[in-house]
Structures are given as C-alpha cells and as structure tokens.
Chemist: 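Handing you a structure now.
By convention here, the first residue in the shown sequence is residue 1. Note that the coordinates shown come from a computational prediction; the quantities given were computed from them, not determined experimentally.
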Amino acid sequence: MKPGKIITSDSEFTEMLQHLNTVAVVGLSPKPERDSYRVARYLQQRGITIIPIRPGQKEILGAKAYPSLDDVPVPIDIVDVFRNSDKVLAHAHEALRLEPRVFWMQLNIENLEAAELLTTAGIDVVMNRCIKIEYERLFNRTGQK
C-alpha cells in the first residue's frame, strides 16, 4: 500500500472531484441555514450520493442518516467532516475501516495527527478547504463535472 498525501494542488483536486460518487458528510445538520446542509445539498444536486452522519437523525436531505461512520454499509469516496478540529481524530479512526479515497476537513478544520494517521494508511487528506468552493472554482467555468 502506498501512503496517502495531503492534497493541495488544483490538478489533484480536479482528479479527485471528477471521480466523486459518494460522500459521507460527518456532522451534517438537518437545518437548511447551516453550511453543512448547503454543501451537502449542492453536491446532491450534482448527482453525488450523500450519506449523512448525524446521531439522532433518521434522514437528512432525503438520505438515510447513520449515527457514525462505523455504521455505513457502503463504499465511500470522500469522508467530508464538519466537526471541530479537536473532534476529527475519532472520525479519522472510524474512516480507516471504510478506506475512503479522501478524508476532507472543511474550512477552519485541521488536525495534523488525524492527517498523519490517514496518510500512513494510504488515504489522501484535505484540510481547511470547502469541497463546494473547490468544486465550483474548478468546474463551474464550463458547467461540467
């Protein structure tokens, strides 16, 4: 197994997002005014399957919600995390079982210990970036994915 890397270049983002089918959104809020909801809805509107990770919720955005990543029964391309930086490491440990291609920490979220754990296991990592902003920036020029 080759180690993962921290993704920072446009070419790496483009390659990753072009092959995006399923995103587990950790901390997805059921409230439409929250960033996590808006980002998940944006991805859903582009044909990407969203898997909400939110304890206590049965469904968000019409998709079955799971209490944790440990409960997800299907393969995931990206784990997208909307949790405080100090909560990320626990989700990184959960993500190891799922073996996503990428573990994505949203804007203002960074955890170097989690990044090291994941990249050592062969999972690429994004920190302190918004998947919606990157998607729009890279693909909305042409309207194509």
Side-chain angles (χ1 to χ4, degrees), residues 3-57 59-72 75-145:
K5 61 188 171 294
I6 295 179
I7 295 175
T8 58
S9 75
D10 281 357
S11 62
E12 291 170 317
F13 282 118
T14 300
E15 173 67 23
M16 171 200 355
L17 294 172
Q18 280 179 327
H19 299 95
L20 178 58
N21 296 307
T22 305
V23 178
V25 184
V26 178
L28 177 53
S29 174
K31 299 175 183 175
E33 67 274 12
R34 300 299 298 261
D35 289 340
S36 61
Y37 185 97
R38 288 195 299 264
V39 168
R41 184 180 62 213
Y42 174 88
L43 295 173
Q44 222 179 25
Q45 290 169 343
R46 274 133 195 92
I48 297 163
T49 300
I50 297 302
I51 301 189
I53 308 299
R54 180 77 175 212
Q57 296 292 314
E59 184 179 286
I60 302 173
L61 286 164
K64 177 180 168 63
Y66 296 90
S68 76
L69 289 170
D70 286 332
D71 300 304
V72 176
I76 301 295
D77 295 317
I78 293 179
V79 171
D80 187 17
V81 181
F82 283 88
R83 298 289 315 274
N84 290 332
S85 296
D86 63 344
K87 305 280 191 236
V88 169
L89 186 58
H91 299 297
H93 282 286
E94 292 174 346
L96 291 175
R97 180 190 62 79
L98 285 175
E99 299 178 342
R101 289 197 331 248
V102 178
F103 188 91
W104 190 300
M105 296 176 236
Q106 283 289 137
L107 281 175
N108 302 313
I109 303 170
E110 293 186 32
N111 187 306
L112 295 176
E113 188 178 353
E116 184 176 341
L117 173 75
L118 293 158
T119 56
T120 299
I123 298 168
D124 292 340
V125 172
V126 175
M127 292 190 286
N128 193 23
R129 300 247 190 163
C130 176
I131 194 169
K132 178 181 181 286
I133 290 170
E134 296 303 323
Y135 197 105
E136 286 178 329
R137 185 175 66 81
L138 294 167
F139 298 114
N140 274 1
R141 286 183 222 124
T142 63
Q144 299 292 316
K145 175 177 166 186

Chemist: So with a 6.0 Å cut-off around CD of Glu110, is the heavy-atom count from everything else above 12?
Modeler: yes

Chemist: How many angstroms lie between atom CE of Met127 and atom CD1 of Ile6, to the nearest 0.5 angstrom?
Modeler: 4.0 Å

Chemist: Has the side chain of Asn128 got a donor or acceptor atom that lies under 3.5 Å from a matching backbone atom of Asn108?
Modeler: yes

Chemist: Ignoring hydrogens, what is the shortest heavy-atom contact between Gly4 and Asp124? Give both atom names and the distance.
Modeler: CA-OD1, 3.3 Å

Chemist: Can you name the nearest heavy-atom pair linking Ile76 to Val72, along with the distance?
Modeler: CD1-CG1, 3.8 Å

Chemist: Within a strict 4.5 Å, meaning less than it, do heavy atoms of the Val23 and Trp104 side chains meet?
Modeler: no

Chemist: Quick check against the 3.5 Å criterion: does Arg83 have a side-chain atom that pairs as donor or acceptor with the backbone of Val26?
Modeler: no

Chemist: Would a 4.5 Å heavy-atom cut-off, applied to side chains only, mark Phe82 and Leu28 as touching?
Modeler: no

Chemist: Has Ser29 got a side-chain atom pairing as donor or acceptor with Ser36's backbone, closer than 3.5 angstrom?
Modeler: no

Chemist: Do Ile60 and Val25 have side chains that get closer than 4.5 Å, going by heavy atoms?
Modeler: no

Chemist: Is atom CZ of Arg34 surrounded by more than 12 heavy atoms (other residues, nucleotides or ligands) closer than 6.0 Å?
Modeler: no

Chemist: Looking at every non-hydrogen atom in both residues, tell me the closest pair between Thr22 and Pro75 and how far apart they are.
Modeler: CG2-O, 3.8 Å

Chemist: Enter the distance from Arg46:CZ to Leu20:CG here, rounded to the nearest 0.5 Å.
Modeler: 12.0 Å

Chemist: Is Lys132 paired with Asp35 through a side-chain N to carboxylate O contact shorter than 4.0 Å?
Modeler: no

Chemist: Near Glu59 CD, under 6.0 Å, is it more than 12 heavy atoms from other residues, nucleotides or ligands?
Modeler: yes

Chemist: Quick one, Val88 and Met105 - any side-chain contact, counting heavy atoms below 4.5 Å?
Modeler: yes

Chemist: Rounded to the nearest 0.5 Å, what separates atom CG in Asp86 from atom CD1 in Ile109?
Modeler: 10.5 Å

Chemist: When you measure from the side chain of Asn111 to the backbone N and O of Ser85, does any donor-acceptor pair fall under 3.5 Å?
Modeler: yes

Chemist: Is any side-chain heavy atom of Arg54 closer than 4.5 Å to a side-chain heavy atom of Pro30?
Modeler: yes

Chemist: OH/Tyr37 to CD1/Ile50 distance, rounded to the nearest 0.5 angstrom?
Modeler: 11.5 Å

Chemist: Rounded to the nearest 0.5 Å, what separates atom CD1 in Ile78 from atom CD1 in Ile131?
Modeler: 4.0 Å

Chemist: Tell me, please, which residues at least two apart from Tyr66 pass ring pair (Phe, Tyr, Trp, His ring centres under 6.0 Å).
Modeler: none

Chemist: With sequence neighbours left out, what residues match Leu96 under side chain to side chain contact (heavy atoms under 4.5 Å, CB included)?
Modeler: His93, Leu117, Leu118, Ala121, Ile123

Chemist: I need the Asp70 CG to Leu98 CG distance, nearest 0.5 Å.
Modeler: 7.5 Å

Chemist: side-chain contact (heavy atoms from CB on, under 4.5 Å) for Asp77 and Ile48? Distances and angles first, verdict last.
Modeler: CA-CA 10 Å; Asp77 295 317; Ile48 297 163; over 6 Å; no

Chemist: For Met16, does its backbone N or O pair with a side-chain atom of Arg101 as donor and acceptor, under 3.5 Å?
Modeler: yes

Chemist: With side-chain contact (heavy atoms from CB on, under 4.5 Å) as the criterion, how do Arg137 and Asp10 come out once you've worked through the C-alpha distance, each side chain's angles and the decisive distance to 0.1 Å?
Modeler: CA-CA 10 Å; Arg137 185 175 66 81; Asp10 281 357; 2.6 Å; yes

Chemist: Show, in sequence, the C-alpha distance, side-chain angles and deciding distance for Leu17 and Leu138, and conclude whether the side-chain contact (heavy atoms from CB on, under 4.5 Å) test is met.
Modeler: CA-CA 9 Å; Leu17 294 172; Leu138 294 167; 4.2 Å; yes

Chemist: Between Arg129 (side chain only) and Ile7 (backbone N and O only), is there a donor and an acceptor less than 3.5 Å apart?
Modeler: no

Chemist: I'd like to know whether Arg38 forms a side-chain contact (heavy atoms from CB on, under 4.5 Å) with Tyr42, so could you lay out the CA-CA distance, the side-chain angles of the two residues, the decisive distance to 0.1 Å, and finally the verdict.
Modeler: CA-CA 6 Å; Arg38 288 195 299 264; Tyr42 174 88; over 6 Å; no

Chemist: Can you tell if the side chain of Leu107 reaches within under 4.5 Å of the side chain of Cys130, non-hydrogen atoms only?
Modeler: yes

